[in-house]
There are 2 protein chains.
Amino acid sequence: MAQRRKKVVAPPTTIRRLSIYFRVLGGLKALGETSTSSGDLANQTGFTAAQVRRDLTYFGSFGKRGVGYDVAQLRQHLASILRVNQDWRMALIGVGNLGRALLSYDGFKNHGYNVVEAFDIHPELVGKTINGLTIHHTRDIHTLFANEQIDMAIVAVPAENAQLVVDQVVDAGTRAVLNFSPAHIRVPDHVKLSNVDLTMEVEYLSHAIHSLKTIAQT
Amino acid sequence: MAQRRKKVVAPPTTIRRLSIYFRVLGGLKALGETSTSSGDLANQTGFTAAQVRRDLTYFGSFGKRGVGYDVAQLRQHLASILRVNQDWRMALIGVGNLGRALLSYDGFKNHGYNVVEAFDIHPELVGKTINGLTIHHTRDIHTLFANEQIDMAIVAVPAENAQLVVDQVVDAGTRAVLNFSPAHIRVPDHVKLSNVDLTMEVEYLSHAIHSLKTIAQT
DNA sequence: CATTGTGAAGAAATTCACAGCT
DNA sequence: AGCTGTGAATTTCTTCACAATG
């Protein structure tokens with residue numbers, strides 16, 4: 001112990017912004033742009049130039065002073081930091097409306113995130129094929145996860161079943177869970193959890209609209 | 001200028017947590033619980049007791065020292081802060097896979113967030129009925145928004161059309177936008193924007209899984 | 001005496017501002 | 001001359017710790 005400690009680890013907020021820079025760089029590349037700058041990235045993302053630069057410094061220095069960043073090169077660096085295009089194998093648990101929408105979500109497949117298994121608890125869905133995937137029963141999660149190495153589980157089941165399902169996928173060795181159910185999920189330290197909470201966003205907005213009125217008097 | 005300034009405005013993070021407390025209180029109420037505490041809420045949300053209390057102080061003091069909080073009463077306070085159950089009128093723009101899933105998302109309708117209009121640009125969808133809603137052409141946004149007072153727009157169109165669509169709904173008077181498209185959207189100050197970025201969450205996880213390996217050596 | 005509400009302290013994230021390269 | 005990379009300052013957010021109180 002008592003090791004020296006520099007500012008080493010990037011905040012979660014930085015990682016999420018990197019994902020956005022990565023996307024913008026993809027756009028620039030598609031347009032044939034070869035060079036960009038922190039100011040340009042700031043413009044296209046709504047963050048500040050200082051923040052763009054600060055975010056990048058957590059991982060290295062990728063630009064040339066006086067010049068800027070090489071689009072392809074910076075994009076490649078971010079791909080490597082974020083680990084995109086690494087043929088991630090994902091399983092979808094819960095093939096309801098939201099689950100089905102996620103199955104065909106372009107943003108996943110196009111970046112190396114492949115849904116390779118689908119599960120549901122409803123007997124009438126089990127055995128059916130959707131987007132080329134046979135739907136399995138959730139009771140078979142453990143067995144099938146063992147065969148196919150699954151890196152990430154997408155959980156889109158009702159709140160009351162969510163913890164149970166997550167326990168199963170964690171038990172089966174999955175190390176990342178993307179949870180869409182409106183429930184507080186507990187996972188052990190070695191598992192990473194990310195929540196997408198649609199109700200929360202809507203309620204945030206309904207609060208925010210209103211408080212504008214209150215603030216808008218200078 | 002040079003006005004005095006107390007800590008008055010709650011951070012956005014607080015608002016989002018309030019939404020989660022609200023949900024937990026709903027669960028407690030359903031179980032017949034009448035009383036709770038910051039410690040209990042902390043347990044059920046994964047935040048800390050101090051944070052629960054701090055979050056609440058931005059809006060008032062709702063508990064009794066030595067006792068805790070009345071479930072129904074605190075829930076009612078949060079409902080009022082978040083403005084749930086106020087019959088919000090929402091419009092969905094983009095009736096693709098994701099849009100359709102959102103149309104039938106229980107979390108919205110059950111809390112007074114009603115999708116009352118649906119729009120799409122594709123001629124083959126216009127005129128069709130889905131979940132009891134007739135799909136209109138996006139070109140009619142302005143006209144139809146004028147008739148029906150729309151409080152919030154849910155944007156689930158491809159990134160390349162997103163800004164255009166948002167400009168239209170903003171122009172039509174909407175003051176809140178929930179954007180699901182992977183694009184940086186600009187809105188004027190009087191409009192509130194919230195983004196749900198699925199790719200970002202997946203990339204966050206793929207980064208996080210990996211960095212665990214690096215950190216896990218003590 | 002258990003639990004709130006809150007100043008004060010601490011930690012984390014953002015922004016400033018400028019030296020250092022190209 | 002222009003843009004990066006980064007210490008330092010600042011702001012924002014979280015946690016501590018305890019007086020107040022039902």
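FYI, side chains are in, hydrogens and waters are out, and symmetry mates aren't considered; it's all heavy atoms of this structure. Residue numbers begin at 1 in each chain, while the letters A, B, ... track the order of the sequences.
In terms of polar N and O atoms assigned as donor or acceptor, the side chain of Arg54(A) comes within less than 3.5 Å of the base of dT15(C) in a complementary pairing. One can find a donor-acceptor pair under 3.5 Å joining the base of dT4(C) and the side-chain atoms of Arg65(B).
Positionally, the nearest nucleotide of DNA chain C for Leu56(B) lies more toward the 5' end than for the other of Leu56(B) and Ala50(A). With the nearest nucleotide of DNA chain C identified for both Asp55(A) and Lys64(A), Asp55(A) has the one nearer the 5' end.
At the phosphate of dT15(D), OP1 or OP2 sits under 4.0 Å from a side-chain N or O atom of Gln51(B). The side chain of Arg17(B) places an N or O atom within less than 4.0 Å of a non-bridging phosphate oxygen (OP1 or OP2) of dT14(D). One finds no side-chain N or O of Ser38(A) lying less than 4.0 angstrom from the OP1 or OP2 phosphate oxygen of dC3(D). The shortest distance between the side-chain N/O atoms of Thr13(B) and the OP1/OP2 oxygens of dT14(D) is below 4.0 Å. Between Ser61(B) and dG5(C) there is a side-chain N or O to OP1 or OP2 distance below 4.0 Å. At the phosphate of dG5(D), neither OP1 nor OP2 sits under 4.0 Å from any side-chain N or O atom of Thr57(A).
Atom CG of Asp40(B) is separated from atom C1' of dA2(C) by 14 Å (rounded to the nearest Å). Remark: C1' of dG7(D) and OH of Tyr58(A) are 13 Å apart, rounded to the nearest angstrom. With rounding to whole Å, His77(A) atom NE2 is found 10 Å from dG5(D) atom P. We find that CZ of Phe59(B) is positioned 14 Å from P of dT6(C), with the value rounded to whole Å. The interatomic distance linking Leu41(B) (CG) with dT3(C) (C1') rounds to 12 Å, in whole Å. Regarding Arg16(A), its CZ atom lies at a distance of 12 Å from the P atom of dT14(C), rounded to whole Å. Atom-to-atom, CD1 of Ile15(B) to P of dC13(D) comes out at 11 Å; the value is rounded to the nearest Å. The OH atom of Tyr69(B) sits 11 Å away from the P atom of dT3(C) (whole-angstrom rounding).
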Yes or no on side-chain hydrogen bond (donor to acceptor under 3.5 Å, both in side chains) for Tyr21(B) and Asp55(B), after CA distance, side-chain angles and deciding distance?
CA-CA 10 Å; Tyr21(B) 307 148; Asp55(B) 284 340; 2.6 Å; yes
(message) One pair to check against side-chain hydrogen bond (donor to acceptor under 3.5 Å, both in side chains): Tyr113(A) and Thr199(B). What are the steps and the verdict?
(response) CA-CA 9 Å; Tyr113(A) 299 96; Thr199(B) 307; over 6 Å; no
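Each of dG5(C), dC18(C), dT15(D) was ranked by its minimum atom distance to the side chain of Arg53(A); first place goes to dC18(C).
Nearest heavy atom pair, residue Ile209(B) against residue Met152(A), reads CD1-CE, 4.4 Å. The two residues Ser19(A) and Glu203(B) come nearest to each other via the heavy atoms OG-OE1, 2.6 Å.
Within the 3.5 Å criterion, the main-chain N or O of Asn195(A) finds no donor-acceptor partner in the side chain of Glu201(B).
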